[in-house]
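Data first, discussion second: the structure below is written as structure tokens.
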Amino acid sequence: MSRAGVVTDPVPGAVTGPVIGAGLVSLRDVLHAEWTKLRTVASTYWLLLAAVALTIAVGAAAAAAFGCQPGACAPARTGADPAKISLTGVYLGQAVVAALAVLAIGDEYATGMIRVTLAAVPRRLTVLAAKAAVLTGGVVAASVVAVGGSVLAGRLILPGRGLGTANGYQLLSLGNGPDLRAAAGSVIYLALIALLALGVTAAVRDAGAAIGVVLGLLYLFPIITAVIPDHVLARHLQQLAPMTAGLYIQATVGIQSLPLTPWQGLGVLAAWAVGALALGAVVLRRRDA
Amino acid sequence: MTAIAPYRSAVGPGRDGFAQLVHAEWTKFRTVRGWVVTILVAALLTVGVDFLNHSQCGTVINGIQVGGCPQAPIGPNGEAVTDNFYFLHKPLTGDGTITVRVTSLAGLYPPTGGVQSSPSGQSPLAGLKPGVQPWAKAGIMIKASTAQGAAYASMLVTGGNGVRMQYDYTGDIAGLPGAASAASPRWLRLVRNGNTVSGYDSLDGAHWDLVGSVQLSGLPKTAQAGLFTASPSYTVINQSLGGGSGAGGPTLATAAFDHVGLSWPGGALAGTSVGGGGDAAAGTGAGGPFNGSFRQVGTAAFTVSGSGDIAPDVTVAPDGNGSNLTQTLDASTFFGLIAMLVIGAMFITAEYRRGLIKTTLAASPRRGRVLAAKALVIAAVTFVTGLIATAIALPVGAAVLRGGGNWIAPVPGLTEARMIVGTAALMAVASVLALAIGVITRRGVAAVSATIVLIAVPFLLVIIPGVLPAGVQDWLVRIFPVAGFAIQQEFPAYHQVLGNYAPGFGYYPLAPLAGFAVLCAWAAVALAAAAYLLRRRDA
């Protein structure tokens, strides 16, 4: 396969017309192409909108569902974590983000577009990097809205549910270090989920199977750690699980008792994402499209 | 001019019955290698998860199990029971009647967070707070023998649930409401007539109401009858953010009886700590306060103290023991199920992606029948796979737990059969739900993610502690397809035993078949919508 995108004239000197885009295809061009592909598909907007709406709705519902007996609302009694409760929607929002990421490359395999893409940009890793960059941008933009809306909803709803300053809770605010860590961390979390899903899809090359693998990877770990009574094994699995470990970033209460610190937890997810992208890159380079 | 006869294929018209349609769909399924492999992987995952459960009881020294989890006594109906109480009794041969008046029931319980280890020489009761447990019990009993697990019938007052007639560990009939006190005492009476025991209660000792009449199978001619007291362990269950039961400990209850009347002669009442002889340091051994005691305070008046419970053994109760297979089965089912959901959805979305759906519908224009054939094939494949996998997974899971020294409470054969067949049916119905969502969305990613989210996220929000309050979790498990997992519930929840009856511990709010019906309703509605859309839309 030709390595470079250099267009050479078949007959030296016989230029018959302007050669469009002659020369190397720059990373900027590839980014631009990927951006065009992402923004001209209607499903992108629907999915981003759904991610934002579902995240905020579930977070607000979880905040509204919180209840404690009058007199038993003190932080020591409930063990409630206002930031974590407000950000419950991420459990659902991540599935939509994963679906968006899966479609970003999975649709190309489904329609055969991937052959055109790779013919235009034979440097396959550049394509994957550009996809990752564009996707991350879109997901971060949506996540900022989703997480910001969830924090705002929690700030408005939780005091009415017994988690207000009257009972010794701090009002949710991005000015608080731990709350900011939970919020910003959730944005990074969603971006990492997108990258993980992108990598898995590049490796699996079938959108339906890829989303099954990604959601299985995310949801099955916590189910098994919750039901096995073996605490040592459960703790190891919690440290290893992409979702469980990654969501430690949302904790602002009882961090000492977590198997990992919040940033270590997010690091575990980052390692999964890097691993998946590496696997996807190898498959993308090695296999015929 | 010769007329040219139009070409007629030599092949006669094929039959287009439903059987041919099912055969065609089966061929489509089995010839896709990836799907067959995935189904086999689903079966392997279902069984393989069992091996992750290295729950240990006791210690293993050089590979040899030393000690193990305590084994619960077995009740007359074959279930594991708790049978620890103080019994002041004498033999009853043939028929007879016991009457008693209860004037108080008081108790002691440990503070939240448990009793700090008391210095040696101090009574284990030091540090306890006064207060009676809602299911502390005191009253009269006729019991086949003083052995744990023997059949019995009893009339009793409770700390917070009024007068009850309880029998054979699981039976519970409500009598007069309210607590017994000196101002408002409760009269109790048990009448034995052959194998039948009838319980009565009264406020004044003159007007008696029948509470219940029960047949005790295997009640010997000479049984034991008398007064008893029991008080179950104290536990704090944090209801505000589901899950997590707090610390607790043993409790003690003391009841005052007078007007004790026994209709038959012979001998004095003797005290026995049923199931006693526990740990001396914890005060449950002989002579310890939690072992129970009695004092005669008048000619026909006694006070009886006791600790423990007479009830079904519930693995989630603070003093419950044994392991619960539902939890392992839940986890292993989820592993297999996710793979099956992917197959169920792709069984139709792959046709849309490849355009095969056009051929399918051209060959068989009656679209509803195509959908029915597809549903039948995917249901049959997942049911059979699930049946084989679960039939292996359940005994293997039990063996792995036993290998870790765990004691496993006995399960009736019918319940075990329901768990195995139910799991297979759960997988089949969920796969049909995935298929229907696949028809509705026509896209693999949308169908697979919608189905997995629909089934897994409510379960996640229920088993992950610290997110939702218990009441909301309860409703999630009632209305979402995850309700179907109730079919795997191994032991019933008992209202007369406090416990953490949460889905994460293998207990569901709906009855097994009711929960399964919720899942079936989801699948039926989705299938109806799918059939409608398949007819209305262009392929």
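Residue numbers start from 1 in every chain, and the chains themselves are labelled A, B, ... in the order their sequence lines are given, proteins ahead of strands. This one's a predicted model, so the numbers in the text were calculated from it and none came from an experiment.
Residue contact with chain A, scored on non-hydrogen atoms closer than 4.5 Å, involves the side chain of B:L461 exclusively. Within the 4.5 angstrom heavy-atom criterion, atoms from both the backbone and the side chain of B:S449 approach chain A. The contact between B:V472 and chain A is made entirely by side chain atoms (from C-beta outward), counting heavy-atom distances below 4.5 Å. For chain B, the nearby part of A:L103 is the side chain; its heavy atoms alone come within less than 4.5 Å. With a 4.5 angstrom heavy-atom cutoff, B:R354 does not touch chain A via any of its atoms.
Residue with the most contacts toward chain A among B:T38, B:V342, B:I452: B:I452 (heavy-atom pairs, distance under 4.5 Å). For the set A:V253, A:L215, A:I223, A:T111, the entry with the most heavy-atom pairs within less than 4.5 Å of chain B is A:I223. Options A:A110, A:A62, A:A95, A:G216 differ in how many heavy-atom pairs under 4.5 Å they form with chain B, and the most are formed by A:A110.
Of residues 195-213 of chain A, those residues lying under 4.5 Å from chain B by any heavy-atom pair are A:D206, A:A207, A:G208, A:A209, A:I211, A:G212.
With sequence neighbours excluded, the residues that form a ring-ring contact (aromatic ring centres under 6.0 Å, His included) with B:F459 are B:F334, B:F485. Applying the side chain to side chain donor-acceptor pair (under 3.5 Å) test to B:Y508 and every residue at least two apart in sequence or in another chain returns B:D330.
The salt bridge (Lys or Arg N to Asp or Glu O under 4.0 Å) pairs that include a residue from residues 499-508 of chain B number zero, where partners must be two or more places apart or lie in different chains.
When all heavy atoms of A:Y219 and B:L460 are compared, the pair lying nearest together is CD2-CD1, 3.1 Å.
Within 6.0 Å of CZ in B:R353 there are more than 12 heavy atoms belonging to other residues, nucleotides or ligands.
For the side-chain contact (heavy atoms from CB on, under 4.5 Å) with B:V445, the qualifying choice from A:D107, A:V102, A:L100 is A:V102, the only one to do so.
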